[in-house]
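Quick note: numbers below take in every heavy atom, side chains included, and nothing from hydrogens, waters or symmetry partners. Protein chains get the first letters and strands the later ones, always in sequence-line order, with residue 1 at the start of each.
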Number of protein chains: 2
Amino acid sequence: MVSVKSPAPPAACCSPLAAPAMSEGDAVTTARVFKALADPHRVRILNLLANSRDAVCVCDITDRIDLAQPTTSFHLKKLTSAGLLERQQQGTWAYYSINHEVLNHLRSVFEVKEARR
Amino acid sequence: MVSVKSPAPPAACCSPLAAPAMSEGDAVTTARVFKALADPHRVRILNLLANSRDAVCVCDITDRIDLAQPTTSFHLKKLTSAGLLERQQQGTWAYYSINHEVLNHLRSVFEVKEARR
DNA sequence: CCTTTACATCGACGATCATCGATCAAAGGA
DNA sequence: TCCTTTGATCGATGATCGTCGATGTAAAGG
């Protein structure tokens, strides 16, 4: 079993929207992550994986989402390279699962401005 | 001063990604909101407004974001109709501000699965 | 070695998006 | 009443995106 940590999420991705001085680069990074969430099929894939105890192979995801297999791979790649999913290879099969750490961290993006002194 | 509540956000928008059974429609709704966040300029607009004590007029936003005025209006419309911004008109000026309620609620989208029994 | 299965990549397509100049509507002043 | 200013909308553009059939690749089984 070869487990592959996703390559993308720039360390601790995405400063809060209310961060005092967000650089242009920060904005690009943040937008990139949300772009991965900006498609109904990808949202459904996340929902599917979030409700699966174990990792799920591409063929099962393809069935559940009702897309052609290349299209499913396309979406999985976007989600993975945004850091939202993890991929493990087992023989001919590829298993995908939620990257809970990254997804959980995204909550902080919407955290309100730190207490004003 | 005419204050206009944004028309879009379907009540309490966006169920958690880990919701047990997300409908296809839920996925579309969720994706629509994140699509509004999926552009660097729009992220910067949110960041700008999140750090402004008061609402900001289009001309000031245009200056700070460094886009042509029609492009700024285009982005503001996307953010507003996603429910992320509020718009107030004052004479010839239009003032935009963060819809804190909606933005804050978005944190719940990334909340982890409810305790497993 | 050949076949099958699972998945990724390629190439092409139509659709949507971001951008901006030009134009329009509305609100104040002079 | 005219001119100026603000901001929204229109129309055109180039770029990106989602989709899928065809093809490629790698593993497993006969």
Indicate the atoms forming the closest heavy-atom contact of A:Ala82 with A:Val33, along with that distance.
-> O-CG2, 4.4 Å

Side chain of A:Asn47, backbone of A:Val43: donor and acceptor closer than 3.5 Å?
-> no

Ignoring hydrogens and geometry, is there a side-chain-to-backbone donor-acceptor pair from B:Ser52 to B:Asp54 under 3.5 Å?
-> no

Rounded to whole angstrom units, what separation is found between the [atom1] atom of [X] and the [atom2] atom of [N]?
X	N	atom1	atom2	answer
A:Tyr95	C:dT5	OH	C1'	12 Å
B:Leu76	D:dG7	CG	P	10 Å
A:Lys78	D:dT16	NZ	P	11 Å
B:Phe74	D:dT9	CZ	P	12 Å
B:Phe34	D:dC17	CZ	P	18 Å
A:Gln89	D:dA26	CD	P	11 Å
B:Gln88	D:dA8	CD	P	13 Å
A:Leu85	C:dA8	CG	P	12 Å

OP1 or OP2 of [N] sitting under 4.0 Å from any side-chain N/O of [X]?
X	N	answer
A:Arg87	C:dA8	yes
A:Thr92	D:dA26	no
A:Tyr96	C:dA8	yes
B:Lys77	D:dT9	yes

A:Phe110 and B:Phe110 aromatic ring geometry - parallel, tilted or perpendicular at 30°/60° bounds | parallel

Of the options [options], whose atoms approach the side-chain atoms of [X] most closely?
X	options	result
A:Ala68	D:dG7, D:dC20, C:dA22	D:dC20
A:Arg42	C:dC7, D:dG21, D:dG18	D:dG18
B:His75	D:dG21, C:dA18, D:dT9	C:dA18

For A:Trp93 and for A:Lys35, locate the closest nucleotide of DNA chain D by heavy-atom distance; then report the residue assigned to the nucleotide nearer the 5' terminus.
-> A:Lys35

A:Gly91 vs A:His41, nearer the 5' end of DNA chain D by closest nucleotide = A:His41

Which of A:Leu49, A:Thr80, A:Asn99 passes side-chain contact (heavy atoms from CB on, under 4.5 Å) with A:Glu86? Answer is A:Asn99

Any donor-acceptor N/O pair under 3.5 Å between C:dA8 base and A:Gln69 side chain = yes

